[in-house]
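Here, residue 1 is the first one in the sequence, and each next residue gets the next number. Any value given below was found using the heavy atoms of this structure, including those in side chains, with hydrogens, waters and symmetry copies removed. Values in this document were obtained by computation on a predicted structure and should not be read as measured data. Every number for a ligand or one of its atoms is a count from 1 in the order of the listing.
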Amino acid sequence: MKPLRLGVLGSGQGSNVVALAEAIRHGEVPAEVVLGASDLKDAGILLHARERKLPVHVCRQGAFRTKLEPGIERELAGALASAGVDLVVLAGYMRVLKEPLLKKFPGRILNIHPSLLPSFPGLRAWEQALKARVAQTGCTVHWVNETVDGGAVIRQAKVPVNGGDTAESLHARIQEAEHRLLPEVIRDLAIGKIPWPEDPRKDGGR
Ligand code: GRF
């Protein structure tokens, strides 16, 4: 089976991209990152992608903070499609996806979120978990739709909340779990162990 072609989108430091790239390098995930993209020109994810000599796409700056302008999102979708991306991976991408991306990659966009969804969607989910005094939280990989963190759950990993946890210590442990979960899910999608809404590699790919 052909390796899965990944386009990775993020607005943050990019630790999940590094974990994924390392898992691929060690032969644990039959995939390749063919494009790293960000809505922010200084995002760590772009630094990591460039260090690894991966092609990058930086979105033009627009007027909104929570979403891309349709024209800018169309350019991003076009860059992902030109790179031959099979699966779009959101790793800390901080804008809500709209029609240009959702239509171009139906059932082929996933996100990693730092809580056990449907609990604590939205921003700073680890702080929400601490505030709610839950005994455990974790992380979720889910399919992406037009809602915020509301698409079908693919797989989750639990992380206990310890008595002395601060927001930082809890977030760090959730991120460790994310760095294992995301590559595992992508491996299982690549080898067909997790079903796809629509597998792009069938019938010779796109
Ligand atoms: C992760 O905690 C992810 O769950 C959330 O954004 C964060 C991105 O972290 N959606 P990084 O940029 O991969 O380090």
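Among Q175, Q13, H179, the residue whose heavy atom lies closest to atom 9 (O) of ligand 1 is Q175. Counting only non-hydrogen atoms, the option in P114, A91, C139, G92 that gets closest to atom 6 (O) of ligand 1 is G92.
Ranking the protein heavy atoms by distance from atom 10 (N) of ligand 1 puts I112 O, 2.9 Å first. The shortest contact between atom 14 (O) of ligand 1 and any protein heavy atom is with S15 OG, 2.5 Å.
In this structure a side-chain-to-backbone donor-acceptor pair under 3.5 Å is present from R108 to D86. A donor-acceptor pair under 3.5 Å is formed between the side chain of E69 and the backbone N or O of A63. Looking only at distances, a side-chain donor or acceptor of R173 sits under 3.5 Å from a matching main-chain atom of P160.
Note on ligand 1: G14 sits in its first shell, one or more heavy atoms being nearer than 4.0 Å. For H171, the heavy-atom gap to ligand 1 drops under 4.0 angstrom.
The residues E22 and R25 are annotated as salt-bridged, a charged nitrogen and a carboxylate oxygen being separated by less than 4.0 angstrom.
With a 4.0 Å cut-off on non-hydrogen atoms, E178 touches ligand 1 through its side chain and not its backbone.
By the neighbour-count criterion of 12 heavy atoms within 6.0 Å, atom CD of Q61 is densely surrounded, having more than that number from other residues, nucleotides or ligands.
Ligand-side atoms of ligand 1 in range of H113: 4 (O), range being under 4.0 angstrom from any heavy atom. Applying the 4.0 Å criterion to heavy atoms of G12 picks out, from ligand 1, the atoms 12 (O).
Nearest heavy atom pair, residue P195 against residue L189, reads O-CD2, 4.1 Å.
Polar contact check, N16 against ligand 1: a nitrogen or oxygen pair lies under 3.5 Å apart.
Partners of H171 according to the side-chain contact (heavy atoms from CB on, under 4.5 Å) rule, which considers only residues two or more places apart in sequence or in another chain, are W126, Q175.
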